[in-house]
2 protein chains.
Amino acid sequence: MRTVDPARHQARRRHIIDAAAGLFAAKGFERTTTAEICKAAGMSAGNLFHYFPSKRAVFHAVFEGDEHDGAARAERFAAARAADDPWRALLDTVDLLAAPAAEPLVPALVMEAMIQAHRDPELEALLSRDNDEERSTLTALLRSAAAAGQIDPALDPDDTAAWVMALIAALYTSAATDPAFSPADQLPTLRLIVHRFLRPDAHRPPER
Amino acid sequence: MRTVDPARHQARRRHIIDAAAGLFAAKGFERTTTAEICKAAGMSAGNLFHYFPSKRAVFHAVFEGDEHDGAARAERFAAARAADDPWRALLDTVDLLAAPAAEPLVPALVMEAMIQAHRDPELEALLSRDNDEERSTLTALLRSAAAAGQIDPALDPDDTAAWVMALIAALYTSAATDPAFSPADQLPTLRLIVHRFLRPDAHRPPER
DNA sequence: GTCTATAGGAGGATAGAC
DNA sequence: GTCTATCCTCCTATAGAC
């Protein structure tokens with residue numbers, strides 16, 4: 001055994017990541033000091049840098065899900081593209097993408113990531129991998145739904161996919177900036193807006 | 001004359017603010033150093049701190065319009081509330097709030113301000129003054145438009161005003177994060193979404 | 001009013017003992 | 001693997017000459 005128990009090593013990393021995530025969400029990347037992360041994780045600076053080469057590496061790790069997550073995610077997107085009812089699949093995908101907004105730290109972390117991505121090409125690449133996957137899935141579903149006569153055929157699939165993602169992002173940014181905004185309570189309204197945007201002829205709220 | 005030519009003093013401040021705004025937009029508040037601001041403004045550190053007490057004060061000044069701006073703004077909101085046609089006034093207000101998104105630096109600055117407002121009560125107060133004014137104007141217009149039978153009466157005015165602001169904010173965040181997103185080109189789509197959201201029975205795009 | 005020079009302090013990262 | 005102690009860089013803000 002080279003480095004005694006890689007599972008323990010992983011658990012230790014995860015412990016640090018969880019401690020750091022709360023701080024990054026509350027204070028942002030630059031205003032969070034490594035000393036604070038150490039304190040929150042209950043360890044010394046020397047030890048922290050044994051697990052991560054830099055503060056930025058800790059930040060990146062917050063946004064790199066496990067491989068398990070990544071696989072499950074890819075599978076769900078593939079299933080959505082292959083679904084019989086594209087409109088239903090599209091609504092499910094919107095729900096899937098919007099759901100994490102209800103978790104306490106996620107909206108603030110997402111905003112911080114959007115800001116940092118500008119100035120950090122490595123993070124940019126990390127995030128845009130997921131982003132491109134989401135966008136292309138939505139575009140495919142919009143095309144299928146249009147072909148099936150389920151949505152307004154006048155909408156451009158690429159622009160519309162970008163807007164659907166922007167509407168979902170609005171849930172995150174509102175949650176992060178407005179304390180009175182409850183993502184869980186507002187999710188039905190997001191669905192309503194998407195529904196009316198894409199299917200202006202069906203006035204009633206979504207049937208689900 | 002106490003301090004020789006207050007107009008010159010104002011102009012000098014404005015020069016610094018303009019130089020700093022570009023840096024804050026590109027790099028964010030914490031990663032912009034005062035040395036960089038000095039270089040961009042073509043002056044020494046000692047001189048910079050003659051005009052502003054701290055880096056943070058420069059940042060705040062970026063978001064404090066002139067009194068002239070503030071007055072013109074308040075006037076436009078008052079006019080909107082008093083308008084004969086609330087629906088038309090509402091669309092005009094959306095345009096008014098969305099228009100700055102097309103200016104080059106504004107979306108990035110707005111995002112940076114949203115992030116900083118969390119941790120800076122003074123900035124928070126500064127921004128929420130404007131924010132509350134916008135939201136209450138929209139709420140009033142939504143009530144009037146509902147009373148006039150111009151929009152879906154089932155929509156709660158407070159929640160809906162928050163969502164209209166979130167949709168406008170989405171224009172800013174998309175512009176700041178997605179290089180392919182042109183706010184000027186996408187403004188009609190924003191109007192379309194607002195239109196369909198609020199008036200699901202009138203399918204056609206806004207008549208203006 | 002504007003400059004040069006520097007004080008003063010914080011924070012990221014490392015060295016080396018245990 | 002984990003700690004303590006510390007280095008070194010960089011940044012805000014000020015002092016004081018001109």
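Convention: sequence-line order gives letters A, B, ...; per-chain numbering from 1.
The nucleotide whose nearest atom lies closest to any side-chain atom of A:Ser54 is, among C:dA13, D:dT2, C:dC3, C:dA13. Of the candidates C:dT14, C:dT2, D:dT14, the closest approach to any side-chain atom of B:His50 belongs to C:dT2. When distances are taken from the side chain of A:Ser44 to each of D:dC3, D:dT14, C:dT2, the shortest belongs to D:dC3. Taking the side chain of B:Asn47 as heavy atoms from C-beta on, and the options C:dC3, D:dG1, D:dT2, the nearest nucleotide is C:dC3. Picking from C:dA13, D:dT14, D:dC3 the nucleotide with the shortest atom distance to the side chain of B:Phe49 gives D:dT14. Here C:dG12 is the nucleotide among C:dG12, D:dT12, D:dT2 with the atom lying nearest to any side-chain atom of A:Thr33.
Counting any heavy atom pair closer than 4.0 Å across all strands shown, A:Phe52 reaches no nucleic acid atom.
A close approach under 4.0 Å does occur between a side-chain nitrogen or oxygen of A:His9 and OP1 or OP2 of D:dG1. Between A:Arg12 and the phosphate of D:dT2, there is a side-chain N or O to OP1/OP2 separation shorter than 4.0 Å. For the OP1/OP2 pair of D:dT12 and a distance below 4.0 Å, the side-chain nitrogens and oxygens of B:Thr34 include at least one atom meeting the criterion. The phosphate of D:dT2 (OP1 or OP2) has a side-chain N or O of A:Tyr51 nearer than 4.0 angstrom.
Residue A:Arg119 places its CZ atom among more than 12 non-hydrogen atoms of other residues, nucleotides or ligands, all under 6.0 Å distant.
Salt bridge A:Arg73/A:Glu134: present, at least one basic N to carboxylate O contact under 4.0 Å.
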